[in-house]
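Below, all heavy atoms of this structure are taken into account, side chains as well, without hydrogens, waters or symmetry copies. No experiment lies behind these values; they were computed from the predicted model shown. The sequence lines fix the lettering, A, B, ..., with proteins before strands; numbering per chain opens at 1.
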Amino acid sequence: MLDAGRATGAEFAEVFVEDKRSTSAGLDDGRVEQVTSGRTRGAGIRVVAGETTGFAYTSDLSERGLVAAAQAAAAAARQGGGGVRAVALGPLVQHPVNDVRIDPREVAKIRKVELLQRADEAARAVDGAVVQVSAGYGDSVRQILVANSDGVLAADRQVRTLFRISVVANGDLGMQTGYESLGHTIGFEVFDDADVAELAERAARQALVKLKARPAPSGTLPVVIRQGTGGVLFHEACGHGLEADLVAKGASVYRGKVGELVASPLVTLIDDGSMGGEWGAIGIDDEGHPSQRNVLIQDGVLTDYMWDYLRARREGRAQSGNGRRESYADLPMVRMTNTFVTNGADDPDDIVRATDHGVYVAKLGGGQVDTASGDFVFGMVEAYLIEDGRITEPLREGNLIGNGPQVLRDIDMLGNDFAMGNPGTCGKDGQGVPVGDGQPTLRVKALTVGGTAA
Amino acid sequence: MTVGVPELQAIADRVVAQAAPGEQVEAFVMRGGETAVRVYEGEVEHFVSAQSEGVGIRIIRDGRTGFAHAASLGEDAIAEVLAEARDNSAFGTPDDWAGLAVPDGVPQVPQKFWDDDLAAYPTGDKIEIAKALERLALAADPRVRVEDCNYDDDWGEVAVSTTTGIRESGRGNSCYVSVSTLADDGDETQTGFGFAVGDSPREFDLGKAAREAAERATRLLGAVKPPSKRTTVVLDPFVTSQFLSVVSSTLNGESVAKGRSLFAGRLGEAVANPMVTLVDDPTDARAYTATDIDGEGLAARRNVLIDGGTLRMFVHSSYSARRMGTSSTGNAVRGGYASSPGVGCLALQLVPGTLDQAALIAGIDEGVLVQSVSGMHSGVNPISGDFSTGASGMLIRNGAVAEPVREFTIASTLQRMLLDVAAIGGDVDWLPMRAAGMSLVIRDVTMSGS
C-alpha cells in the first residue's frame, strides 16, 4: 500500500489504520434512556509530494479497498511520473504510557448503567431544589497502527473511560446548573478511586450555590483561579499559539519569539502526552511518533513550539509527538495533549488573602482563542467575589476575556498546590481530540470580567 | 423524498424485516463522500477525496431503547449492529412514551437537493476556484495575508425504515468556499473570514467572500479595549444567526418536558418585543439547512415559534410530543448514523424588517456594531439564561461607524435580550448555518472592557 501510495513519485506515504469500539450510556430525567455501542474501523492514507498533501480514507480494509484509497491519495497529491520504491519497515514500536487493569469491554453493561443510577440518586439526595439530573458514561478502546515510507511502524491501544453529570436546581431567581466530569486514559478501574456519587454531589452543590448568585461584575479585576480548573486558560492563552502549523503561517502572536520572555518568570508550561492515565495521554501520536514531555515555556521564556511530521520536516528538526487526528477520516495536525503549568511557591490561601477586591474562579468552563491577535475568552462556571481577602458571594456565569501575551505577563502569584483538571475535548479545524490540562492556584492581576453588574 | 435511493432503502428494509415480535426497529443508513481542497500561497496544501458509509439501528422493546452504529454497510457489520442494539435495549429503564415515529399524513414540500452540475464538476476546476479566491482576497487590500483558503463539497444519500411504517430515502449535495485572512500593522495582527455557498460552484460570489474577509480583518487594525458601560449593540448577521441558535434551544420540547427550559409554562405570554416573529421553516428553499424530512422521517414543516413577541409553540420530535400530549412538529434532528434523534430547530429565521445595516446604525447615537463573538459555548447558559460572550467590532457614534474595538464582552440574559430587541434589519443573509442572519439591534446590553 505504501508502494501504491508512492507509485506516482511522492516523497512520503503513510497508512493509518484505526479500529475503535465505544460504549456509552445516558441517564436523564430519572431514566436510563439508552445504551449505545459503536464501531469505527477504517484507514486513512496520506501522500506528500512537494508542498501538497493528498489524502483519502476508506472503511473497506480489504487489500482492494486499501490499494484503491492509496491510489486516490497519490492521485490527489497530483504528481506525475515516478516509479515504485520498496519500503523497508522498521520493527514495530509500541510505547504504552500506562497499564489498563480492567478492559471496559470486559465489564458487564449493567455495571455501567448502575453508575448512572447511583449518581442520579446522590445528586437528588443533596437537596429538594435539585429538579433535574442527567448523567453519561462512556468508554472507548481505540487501536491504531501507523506505517510510513520512512520505515516507521508503530501501534497503540488507547483505552479511555469517562463519566459526566449535570444537575439543574430551581430557586426563586430561576434555574441554575452544575456540571462535573472525570475522564482518564485507563480502564474501568478508574471507578476504584473515584466515587461517582461524590462527583454528583459536587455538581449538585455547584448548582445550588448559584441559586443565590448575583450578577458577575463588569470590568477589569484581579482574578484568582483555583488549582486544577484553570488549565484551559493556558490552553487558550498560549497553547494553541504554540502549535507549529499556526506559527508557520504567521497566525500566532508567538511567532519568532523563541528565546524571549513571553510570560511572568513564575510560569513554566509543559505539554506531556506521556503523562500516565491523564485524559490527553497517548502512547504514540497519530503519526506513529512516541509521546513525550515537551517544555514550551521555562521560567517565562519561550523554549519551543509543538510539532507534527510535516512542520518538523520543513524545519529539519525532530517531531514532538503532537501530530494527532480525530479519526482515520481526518488529516493529522499539530495538537496539544496534556498541557499544564508547574508549581509555584505561594500558599493558595495567601493568594486569596493578598487580594482586596477581585473574583475567585472555582471552576472554569470552555474557551476560545484567536491565535493571531491573541485575544481569548473562557467561561466561569462557578465563581465568587473576593472582598478584603476573603471569598464571599457566589456569582452568576459569564465569560472572562484577555489577551494571551498580556495575561501571561500579568500572572503575579502562583500556588504550590498543582492539580490536573477535568477531561476536555479540544476542537481545531473541525476535529475534536481528548486533551488534559492542569495548574496550581494562581492570580492574574487584571482580567476583564464579562458580567452585568456595575 | 423527492429522489429515492432504492439500494439504501433496501438495506434499511432488510434490517427492519428482522424485527422480533414485540420490537420496534428503526434503521438509518447513510453513504456519502467529500472533496476538500486547501490552497496556500498559490499551491494546493491538501486535497482530500473520500467516501464513507454507516448504519445506526434503534430498537425499542417494552419501553426500553437500545442503539448501536457502525461505519460500514457490510453484511457482517450490520448483523453485529442489530445484535448490539438488541442487547443494549435490555438495559434501558421502561419509558411509556418511548417509541418510533408513526406516519402522520403531513405532506412533504418538494425541494431540489441534488445538483447534477456539482456532481459532475471537474476536480481541476475546484482547485482553480480556491486559488482564485485566494488571489482575490490578497488583491483586496495590501495589508492582507491569507491563512487558508478552502473549497469543500459533499454528497450524501440516506434511507430510513421503521417497523411503524416510515420509509424514506433521498440524496443531496452541496458546496462552499471559505477564506481565513490575517491583516498586519506592525506587531499587530487581526483576523477575518469570508465564505460563499451555492447549489453549484458556478453560483459562488467569490468577490463578495474575498471583500468581506479582507474588510473584517483590516477594519479591526488599531482596535482598542473600550470602556465598560451599558449600550446598544447591533449584531452583524453572522452573530445574529448564532444568537438565534441559542434562543432556539430554549424552545426545545424535550427540554420543556424535562424541566430545562426557561420558557416552560409560558405559552401565550409575551416573551419578546412585539416586532419579533421567529419561524423555523425548513421548507424555505433559500435556507442552507432546508430539508423535506426530519430526523425520524416525518415531513419537515413551517412552525411559527414566537409570533409578534408572543410565545406560540415549542418544537417536538415524536417522543417529546408524546410526553407533552401533542403531535410531532417534524423537529427530530440527528447528527448522522452514529446518533439517535434528538429535538431541535431545523432552519430558523426572523421575519425581517426593512432597513439595511447602515440605516439601522444611522438611528443610533451611541453603541457598538458586533462583528464577531467568541465563547458562545462557554459563557452562555440556555437553562439559566445568562448570556456573556467575547466580542470585537466597531463603536457607533452619532449614527455612524467609528473606531474599532476588541477584547471586550457583551452580557445580558436571553430573556432580557428578546424583550430589548429594538430593530430587525431587512438585510437577510442565508448563511451556511442553522439560522439565517440579519442585523439585529438590542438595547441595554452591558459592554465590559477597561
Side-chain angles (χ1 to χ4, degrees), chain A residues 25 28-29 31-42 51-59 72 76-78 109-110 113 131-132 168 174-177 218-220 249-251 253 329 331 365-368 370 372-373 375 377-379 396-399 401-403 448-452, chain B residues 40 43-53 65-72 77 80 84-85 87-88 91-93 95 145 147-148 182 189-191 225 228 258-260 262 338 340 374-375 377-379 381 383-386 388-390 392 406-412 446 448-450:
Chain A
D28 194 9
D29 199 26
R31 293 184 191 86
V32 177
E33 289 197 321
Q34 192 170 286
V35 173
T36 297
S37 311
R39 184 168 193 189
T40 303
R41 198 167 65 128
E51 296 300 300
T52 300
T53 297
F55 184 63
Y57 55 88
T58 178
S59 56
R78 304 186 68 74
K109 290 172 185 170
I110 190 70
V113 165
V131 293
Q132 195 52 280
V168 181
M175 291 182 286
Q176 287 291 346
T177 56
S218 159
T220 302
K249 286 189 168 181
V253 277
L331 274 166
Q368 190 177 342
D370 179 332
S373 71
D375 289 349
V377 294
F378 52 104
R396 293 180 72 108
E397 283 177 50
N399 264 313
I401 191 162
N403 183 263
T448 299
V449 181
T452 57
Chain B
Y40 182 63
E43 301 288 334
V44 177
E45 181 179 317
H46 69 227
F47 184 99
V48 180
S49 171
Q51 294 194 21
S52 59
E53 58 188 27
T65 302
F67 184 71
H69 58 87
S72 170
E80 187 185 329
E84 276 288 327
D87 185 49
N88 289 344
F91 301 97
T93 310
D95 181 347
R145 292 181 287 137
E147 183 181 352
D148 55 62
L182 303 164
T189 302
Q190 297 296 340
T191 58
K225 197 180 182 83
S228 303
K258 292 178 174 174
R260 281 198 187 89
L262 49 89
S340 55
S374 59
H377 63 299
S378 58
N381 185 327
I383 296 177
S384 68
D386 288 325
S388 165
T389 71
S392 61
R406 48 164 270 267
E407 205 196 329
F408 64 98
T409 62
I410 54 171
S412 180
T446 303
S448 301
S450 56

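Side-chain atoms of A:Thr220 come within 3.5 Å of backbone N or O of B:Gly449 as a donor-acceptor pair. Remark: side-chain polar atoms of A:Thr452 are not paired, donor with acceptor, to backbone N or O of B:Thr446 under 3.5 angstrom. A distance-only check finds no donor-acceptor pair linking the side chain of A:Ser59 to the backbone of B:Ser72 [under 3.5 Å]. Looking at A:Arg39, its side chain never comes within 3.5 Å of a backbone N or O of B:Glu80 through a donor-acceptor pair. Here the side chain of A:Gln368 pairs a donor or acceptor atom with the backbone of B:Gly375 at under 3.5 angstrom.
Here B:Arg260 is the residue among B:His46, B:Arg260, B:His377, B:Gln190 with the most heavy-atom pairs under 4.5 Å with chain A. For the options A:Ala56, A:Gly54, A:Ala329, A:Ala251, heavy-atom pairs under 4.5 Å to chain B are most numerous at A:Ala251. Here A:Asn403 is the residue among A:Asn403, A:Thr40, A:Val113 with the most heavy-atom pairs under 4.5 Å with chain B. Here B:Asp386 is the residue among B:Asp386, B:Thr409, B:Thr389 with the most heavy-atom pairs under 4.5 Å with chain A. Ranking B:Ala338, B:Ser374, B:Ala68 against chain A, the residue ahead of the rest is B:Ser374, based on heavy-atom pairs under 4.5 Å. Of the residues considered (A:Gly365, A:Ala72, A:Ser373), A:Ser373 shows the highest number of contacts with chain B, using heavy-atom pairs under 4.5 Å. Between chain A and the residues B:Gly390, B:Gly259, B:Gly385, B:Gly379, the most heavy-atom pairs under 4.5 angstrom are made by B:Gly379. With chain B as partner, the option from A:Gln176, A:Arg396, A:Glu51 having the largest number of non-hydrogen pairs under 4.5 angstrom is A:Arg396. Options B:Ser412, B:Ser340, B:Ser392, B:Ala77 differ in how many heavy-atom pairs under 4.5 Å they form with chain A, and the most are formed by B:Ser340. Counting heavy-atom pairs under 4.5 Å between each of B:Glu45, B:Lys225, B:His69 and chain A puts B:His69 at the top. Among A:Gly379, A:Ala25, A:Gly38, A:Gly451, the residue with the largest count of heavy-atom pairs under 4.5 Å with chain B is A:Gly38.
A:Asp370 and B:Thr191 are linked by a side-chain donor-acceptor pair at a separation below 3.5 angstrom, with hydrogens and angles left out of the test. Judged purely by distance below 3.5 Å, without hydrogens or angles, the side chains of A:Glu397 and B:Ser384 never pair a donor atom with an acceptor atom. In this structure, a donor-acceptor pair under 3.5 Å is present between the side chains of A:Thr177 and B:Asn381. Under 3.5 Å, the side chains of A:Ser37 and B:Glu84 contain a donor-acceptor pair of N or O atoms. Side chains of A:Asn399 and B:Ser378: a donor on one and an acceptor on the other come within 3.5 Å.
Interface remark: B:Phe408 contributes backbone atoms only to the contact with chain A (heavy atom separation under 4.5 Å). Heavy atoms closer than 4.5 Å to chain B are found in the backbone of A:Val449, but not in its side chain. Within the 4.5 angstrom heavy-atom criterion, atoms from both the backbone and the side chain of B:Ile383 approach chain A.
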Next item on the list: Dump the intermediate steps for salt bridge (charged side-chain N to carboxylate O under 4.0 Å, His left out) on B:Lys258 and A:Glu33, then the final yes or no.
Entry: CA-CA 13 Å; B:Lys258 292 178 174 174; A:Glu33 289 197 321; 2.6 Å; yes

